[in-house]
Amino acid sequence: MGSKYTKRYSEEYKRDAVGLVRSSGRTVTEVARELEVSSESLRGWVKKARAAQDTDRDPVPCGPSTTGTRN
């Protein structure tokens, strides 16, 4: 059975942990061990951050469309 107590981490802590993984060149497992969090949790935070970053990118250029217009 799992633990009856589930640790909760602030969004700031998660963001900092993800930043450490990205900037350190170390594996998720190594960073998780250092921070004493589960590697599964940290891996989930990294995946969620990557998905959020991907949705922040706008593949369509901003501004008025010039497709199909003549001057």
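The first residue of the sequence shown is numbered 1, and numbering continues consecutively from there.
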Undergrad: Heavy atoms only: give me the nearest Leu20-Ser24 pair and the separation to one decimal.
TA: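 Where Leu20 meets Ser24 most closely, the heavy atoms are O-OG, 2.7 Å.
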Undergrad: By side chain to side chain donor-acceptor pair (under 3.5 Å), which residues pair with Glu40, not counting sequence neighbours?
TA: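 Side chain to side chain donor-acceptor pair (under 3.5 Å) list for Glu40, sorted by chain: empty.
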Undergrad: What's the shortest heavy-atom distance between Val31 and Ala17, and which atoms?
TA: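 In terms of heavy atoms, the two residues are closest at CG1-O, 4.3 Å.
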Undergrad: Using the salt bridge (Lys or Arg N to Asp or Glu O under 4.0 Å) rule, collect all pairs that involve residues 22-33, keeping only residues at least two apart or in two chains.
TA: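 Qualifying pairs, neighbours excluded: Arg26-Glu34.
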Undergrad: If you take all heavy atoms of Val28 and Leu42, which pair is closest and at what distance?
TA: O-CD2, 3.6 Å
Undergrad: Out of Arg50, Lys48, Arg43, which one pairs with Val46 under the side-chain contact (heavy atoms from CB on, under 4.5 Å) rule?
TA: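 Answer after filtering Arg50, Lys48, Arg43: Arg50.
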Undergrad: Can you name the residues that form a side chain to side chain donor-acceptor pair (under 3.5 Å) with Ser41, not counting sequence neighbours?
TA: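 Partners of Ser41 by the side chain to side chain donor-acceptor pair (under 3.5 Å) criterion, ordered by chain and then number, come out as Ser38.
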Undergrad: Tyr13: what forms a ring-ring contact (aromatic ring centres under 6.0 Å, His included) with it, not counting sequence neighbours?
TA: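 Result, ring-ring contact (aromatic ring centres under 6.0 Å, His included) vs Tyr13: Tyr9.
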Undergrad: Considering residues at least two apart in sequence or located in another chain, which fulfil the side chain to side chain contact (heavy atoms under 4.5 Å, CB included) criterion with Glu11?
TA: Lys14
Undergrad: Any idea which heavy atoms bring Ala49 and Val18 closest together, and the distance?
TA: CB-CG1, 3.9 Å
